[in-house]
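Here is the structure we will look at.
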Number of protein chains: 2
Amino acid sequence: MKSFEQATSPSGDTLKDRTLERLQELILTGDLVPGSKLLETQVAAKLDVSRATLREAMIRLSEIGLLVNLPFRGSYIRKLDRLDLQEIYSFRTGLEKMAFQFCWDKRDLISQADLQMRNERLCQCISDNDAYGAIMAELHLHNWCYELSGHSLLLQSWERLKPNLQFYFSMHQKAHDRAGPLRESHDEYIRLAKGDSLDDMLLHLEHHMQQGLENTLSFLDTTS
Amino acid sequence: MKSFEQATSPSGDTLKDRTLERLQELILTGDLVPGSKLLETQVAAKLDVSRATLREAMIRLSEIGLLVNLPFRGSYIRKLDRLDLQEIYSFRTGLEKMAFQFCWDKRDLISQADLQMRNERLCQCISDNDAYGAIMAELHLHNWCYELSGHSLLLQSWERLKPNLQFYFSMHQKAHDRAGPLRESHDEYIRLAKGDSLDDMLLHLEHHMQQGLENTLSFLDTTS
DNA sequence: AAAATAAGAATTGTCGACAATTCATCAATT
DNA sequence: AATTGATGAATTGTCGACAATTCTTATTTT
């Protein structure tokens with residue numbers, strides 16, 4: 001018997017899953033203010049689902065880290081401070097280095113063309129001044145190495161981390177309306193990812209991520 | 001206002017959490033056979049909780065990977081094959097390498113003494129032929145670098161991965177009643193972890209993990 | 001006036017019941 | 001005989017109500 005198909009997209013057709021996505025969207029777009037408390041009855045009514053269903057969705061969001069649940073005291077929208085961001089970025093760096101190590105020998109012409117396409121989509125969004133699209137395109141670009149690695153645990157970890165990045169990017173963008181964390185700094189990334197030296201790629205990753213972090217960190221002094 | 005205290009031990013005093021722990025224990029001890037289906041009504045009755053409470057616990061176990069949930073079709077106890085184990089070990093290797101990179105400069109006499117103690121506890125269990133205790137002691141030993149790293153995302157990832165290891169060790173031990181994956185092979189690990197060369201430690205980690213994997217993989221041919 | 005205490009309201013945790021979907025059985029068709 | 005299709009049972013998904021806990025506010029005490 002074939003073992004269970006890992007659902008490539010965990011967004012099933014169950015109401016709980018759709019609720020999860022909608023709530024996540026509400027958080028990511030900033031409709032729900034970081035630090036504020038989520039009243040289950042209220043949110044359930046807003047999303048037109050029962051509390052039980054909402055709670056099942058909230059558990060997953062807590063696991064991801066977008067929500068902080070205190071037993072009997074409620075769930076709060078995650079607040080990101082400078083330290084949290086540093087953690088996210090350093091962890092992301094480590095994950096992506098792993099991903100490149102695993103995917104390195106699996107690269108071929110098809111996957112390289114795929115990478116190229118993702119980059120072009122990103123550049124297009126930047127040209128169009130489409131900040132939100134650019135964020136998504138950048139994340140999709142970075143998805144490449146995880147998908148290619150064929151390492152489900154690694155991909156899973158990245159998928160869990162990604163919403164946190166998206167969350168911060170949205171916050172950041174909302175606070176300072178021009179898109180911050182983006183630029184054409186991916187040229188080198190692409191070049192090395194197609195190149196022959198894994199070590200160079202890994203080294204560049206550290207630099208690339210560090211720069212991305214500093215580039216975004218310099219703003220975070222709005223609220224303590 | 002102080003931001004939310006990350007609960008150091010997520011095992012809160014809520015029934016859902018206790019249920020999670022008990023169900024996890026049932027899986028880890030092998031009372032529930034891998035691949036078998038979990039009937040919610042049945043398990044809920046067995047644990048003497050409502051189905052809603054059980055379901056909330058099961059969601060978390062699905063996230064960890066001990067359960068596989070198929071919408072409308074049920075939840076199954078995870079089945080580990082050779083490939084899964086390889087993934088777990090390679091991911092674990094990457095995580096622990098990250099952990100040592102982060103904790104390296106934080107080592108001091110106190111933490112080194114702590115490491116020593118954990119190793120001695122492991123050796124004690126091995127001497128006593130306490131297989132289960134040795135498994136726990138080994139995991140606790142490896143916890144050291146994650147705790148010391150002070151990196152919550154990293155620690156979290158490890159905590160999520162750990163039950164899968166525990167799961168396999170128990171399966172393994174149940175299938176071949178002598179304790180398999182353990183030995184005094186941690187001497188070198190300890191020595192290098194206390195030493196001066198991070199590179200040597202990282203290199204040894206690859207070796208240490210690879211050996212641990214091979215040591216356990218050689219059995220897995222009981223059921224396809 | 002400040003701190004401690006106690007009722008009441010509000011909110012989260014838990015439960016049992018109903019709805020939607022899948023699974024098992026068996027008859028009908030080719 | 002094998003495949004298809006329908007019917008009923010079993011199981012999961014979803015809901016609304018009750019119980020336990022926390023928060024608020026008023027009252028008392030020092």
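Every chain is numbered from 1 and lettered A, B, ... according to where its sequence line falls, protein lines coming before strand lines.
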Margin query: Distance check needed: dC23(C) C1' versus Leu70(B) CG, whole Å only.
Written below: 14 Å
Notebook entry, point to check: With under 30° as parallel and over 60° as perpendicular, where do the rings of Tyr189(A) and His208(A) fit, or are they tilted in between?
Noted result: tilted
Check: Quick check: does any side chain N or O of Arg60(A) sit under 3.5 Å from a backbone N or O of Leu20(A), one acting as donor and the other as acceptor?
Finding: no
Margin query: Once you apply a heavy-atom cut-off of 4.0 Å, does Leu54(B) come out as touching a base, just sugar-phosphate, or nothing?
Written below: nothing
Margin query: Quick check: do Ser111(B) and Lys106(B) have side-chain heavy atoms less than 4.5 Å from each other?
Written below: no
Check: What are the 5'-most and 3'-most nucleotides of DNA chain D lying under 4.0 Å from any heavy atom of chain A?
Finding: dG13(D) to dC23(D)
Margin query: Checking Ile88(A) against Leu161(A) for the side-chain contact (heavy atoms from CB on, under 4.5 Å) test, could you report, in this order, the C-alpha distance in whole Å, the side-chain angles of both residues, the deciding distance, and whether it holds?
Written below: CA-CA 8 Å; Ile88(A) 289 175; Leu161(A) 187 65; 4.0 Å; yes
Note to self: Would you call the rings of His142(B) and His186(B) parallel, tilted or perpendicular, taking 30° and 60° as the class edges?
What the structure shows: perpendicular
Notebook entry, point to check: When you match Arg73(B) and Phe72(A) each to their closest nucleotide on DNA chain D, which lands nearer the 5' end?
Noted result: Arg73(B)
Margin query: For the CG atom on Asp48(A), are there more than 12 heavy atoms of other groups (residues, nucleotides or ligands in this structure) within a distance under 6.0 Å?
Written below: no
Margin query: Go nucleotide by nucleotide along DNA chain C from the 5' end; which of Gly74(A) and Asp48(B) gets its closest nucleotide reached first?
Written below: Gly74(A)
